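Reading through the structure tokens given below for one structure.
We use all heavy atoms of the structure for the numbers below, so side chains are in, but hydrogens, waters and symmetry mates are not. Because the structure is a prediction, the values reported are computed rather than measured.
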Amino acid sequence: MTGVEATGGAAALDGGIPSRPSPLLCKMGEQCAEDPDKAMVTTPEGEVTYREAYELALSLISVFHFEFRLDAGSSVLLYLPNVAEVPSLIAAAQSLGCSLAFRAPSLIEHSLRDDLSLLRPSLVVVLDAASAAVVGAFDVPVLSLRGSTGRGVSLGVARARVPAVDPGAAVPRLPLDPEVLLFSSGTTGAPKAIANRMSSFTSNALKLTAALGISGRDVLYVPVPFFHVYGFIGMVSAILRRATLSIVGKYTIERSRALVGKAGVTVYFGVPTMFVREMNADTLRENPPKTLRLCMMAGAGCSPAMFERCEDYFGCPFVQSYGMSETAATLTVERPGSSEEVRKSSLGFPIAGVSLSIDDDSGEILVKTPALMTRAFSADCHEAEIGDEGGWFHTGDIGFIDDGGRLHVTDRLKDLIVRGGLNVYPSQVERVFRDLAGVSECFAVGYPDAELGERVCLLVVPDGRASITVEELRSFSRGKLEKGQYPDAIVYLDEAPCLPNGKPDKKAMKEIAKRAAAL
């Protein structure tokens, strides 16, 4: 894939473009050879075929090389939502050996200056002219997918003035395994940049899809943003299996429910909040999805009772998986064929190559995996330590491994509430109230207290089907919690604050509790 042909008046480059097809580009090319008109990406606005995505990726290789002079030492920062061009952008950049960093587009005005200082990208890719204008204030090249202003270059203009890549002319080169940088979700604090190799994601994606039986016949729905590790592994999984990837762009309950039916989605990768809210939006339970064969929950915990309700409503088996940004997503996954009793409580078995252990003193989950991050860093600290002296990575999660070898996560060390010397784990409190009639979601967080150090606040999102009072909540918890675990404050919310990836924002919840306690 190093030959070029002159198009649009541009001259061919002697010696070609130094590149090697990335894993995603190879899969796009393989599918084009068999069925080029198969849909690769479906959105509420339409679909993109494998042929169109492949041709865009080849064109982007030329754009990156000729227009922006990118090579194996370059890095590309993407401020993009889930749009159809993203897989082609990844395939093209990695074919040149460029590293990729992903950020939430909603953060561009707030975090761009810090991101440029931290990451020093060779190119910034944005969605539209408004975002391009923000980047234009800095001394960095910018490519806009939907028009541009000022110093920015639009994708349409760039494609028209560069040579086209000939995929048939290839020169063997050493394999390229560029970095992918994703930011931790920041559930409990400031996010950090986590770097891993693309080979870690492709390996984990193949193991995950093999465990779930995902194939080219599936339509895989990934509403989780690609700039989050769960969304990224979902996108990579779909294309490596030459399936159809279904994405919604900006997630809303209405858009999501409509797309699942329109696209004929067969497999749904989501966080528990998405499934619960989509189920609750159908108040009469009269319009469940019809085409699903499997749903996977990850990114946050789900009570067994809510798991059962979701499985009953969506009409297919649910499985749970465990992973994190530091491990290229997947560490464990439950088997679809396991009983519901097992699936509703277990996060499954380790995938091939992963070892698990539990710290005897703290109960923390420790892991070893070939897909462990290469580095982690932020503006406030140097690169973080990756593992302990024994090579174990400390996850920060508390859990246990049952007699069958399955993993169970019970809490987060950082979420621990210390009330008057008593350790209160949020999950212990939440577990009591989650299955109470009238409660859709609930979250326990700590807030500062001069006397006890911290007190417990319960944030409740009613489900709208039954009214529930503070007195009823407190009465319900008697005998189910120790005295020090009772909520000191109860706050009702119309909707729980969430991070861009759909996970509960515990940091924002703590601020809500703090403000409520001050009233």
Side-chain angles (χ1 to χ4, degrees), residues 187-188 272-273 276 300-310 320 341 344-347 358 361-365 396-400 402 408-493 495-497 503-519:
T187 307
T188 58
T273 300
V276 171
C302 180
S303 72
M306 187 60 73
F307 184 97
E308 290 179 6
R309 288 177 56 194
C310 287
Q320 301 184 76
E341 195 66 27
K344 70 183 181 182
S345 61
S346 162
L347 297 175
I358 305 297
D361 297 324
S362 65
E364 183 180 11
I365 300 167
D397 292 318
I398 299 171
F400 64 93
D402 66 24
H408 301 253
V409 174
T410 57
D411 232 308
R412 285 283 297 171
L413 279 174
K414 290 183 179 180
D415 289 340
L416 178 68
I417 304 165
V418 183
R419 184 187 187 278
L422 175 68
N423 289 348
V424 180
Y425 291 96
S427 64
Q428 294 175 317
V429 180
E430 294 164 355
R431 198 176 296 124
V432 169
F433 296 99
R434 273 180 176 157
D435 302 334
L436 181 61
V439 175
S440 174
E441 298 176 281
C442 67
F443 306 90
V445 297
Y447 63 91
D449 180 74
E451 179 186 2
L452 298 174
E454 282 186 295
R455 289 185 182 270
V456 181
C457 178
L458 183 71
L459 295 94
V460 178
V461 180
D463 66 7
R465 293 185 295 164
S467 61
I468 185 166
T469 66
V470 171
E471 291 73 21
E472 288 172 328
L473 285 169
R474 287 186 171 138
S475 175
F476 181 77
S477 66
R478 292 192 185 100
K480 301 179 179 69
L481 293 170
E482 296 179 30
K483 185 176 180 181
Q485 296 173 328
Y486 288 137
D488 297 285
I490 296 176
V491 177
Y492 288 98
L493 301 174
E495 187 173 88
K503 295 172 67 173
D505 188 344
K506 287 293 186 78
K507 187 177 179 181
M509 291 180 190
K510 290 178 181 179
E511 287 300 316
I512 292 172
K514 186 177 178 180
R515 290 196 301 268
L519 297 178

**Verdict with supporting geometry, Lys510 and Tyr447, side chain to side chain contact (heavy atoms under 4.5 Å, CB included)** = CA-CA 6 Å; Lys510 290 178 181 179; Tyr447 63 91; over 6 Å; no
State, to 0.1 Å, how close [X] and [Y] come at their nearest heavy-atom pair, and which atoms those are.
X: Gly396; Y: Glu364; result: N-OE2, 2.7 Å
X: Phe433; Y: Leu481; result: CE1-CD1, 4.2 Å
X: Pro487; Y: Val429; result: CG-CG1, 4.3 Å
X: Leu422; Y: Gly484; result: CD2-CA, 3.7 Å
X: Ser477; Y: Val432; result: CA-CG1, 4.2 Å
X: Lys344; Y: Gln320; result: O-NE2, 3.3 Å

What I'd like to find out is whether the side chain of [X] reaches to under 4.5 Å of the side chain of [Y], using heavy atoms alone.
X: Arg434; Y: Met306; value: no
X: Pro426; Y: Val445; value: no
X: Tyr492; Y: Leu473; value: yes
X: Pro497; Y: Met509; value: yes
X: Asp411; Y: Leu416; value: no
X: Lys514; Y: Pro448; value: yes

**Counterpart residues, ring pair (Phe, Tyr, Trp, His ring centres under 6.0 Å), relative to Phe400 (two or more places apart)** = His408
**Message:** Before you tell me yes or no, could you show the steps for Arg478 and Tyr486 under side chain to side chain contact (heavy atoms under 4.5 Å, CB included), namely the whole-Å CA-CA distance, both residues' side-chain angles and the distance that decides it to 0.1 Å?
**Reply:** CA-CA 8 Å; Arg478 292 192 185 100; Tyr486 288 137; 3.9 Å; yes
**Message:** So, applying side-chain contact (heavy atoms from CB on, under 4.5 Å) with Asp449, which one of Arg419, Glu454, Arg455 is it?
**Reply:** Arg455
**Message:** Any side-chain to backbone donor/acceptor pair from Asp397 onto Ile365? Under 3.5 Å, distance only.
**Reply:** no
**Message:** With a 3.5 Å distance limit and no angle check, can you tell me whether Thr410 reaches the backbone of Ile398 through a side-chain donor-acceptor pair?
**Reply:** yes
**Request:** May I have the step-by-step check of side chain to side chain contact (heavy atoms under 4.5 Å, CB included) for Val424 and Val418, ending in yes or no?
**Result:** CA-CA 6 Å; Val424 180; Val418 183; over 6 Å; no
Nearest-0.5 Å distance, [atom1] of residue [X] to [atom2] of residue [Y]:
X: Cys442; Y: Arg431; atom1: SG; atom2: CZ; result: 11.0 Å
X: Leu459; Y: Glu430; atom1: CG; atom2: CD; result: 9.5 Å
X: Lys506; Y: Arg412; atom1: NZ; atom2: CZ; result: 9.5 Å
X: Arg309; Y: Cys302; atom1: CZ; atom2: SG; result: 9.5 Å

**side chain to side chain contact (heavy atoms under 4.5 Å, CB included) assessment of Leu493 paired with Glu441** = CA-CA 10 Å; Leu493 301 174; Glu441 298 176 281; over 6 Å; no
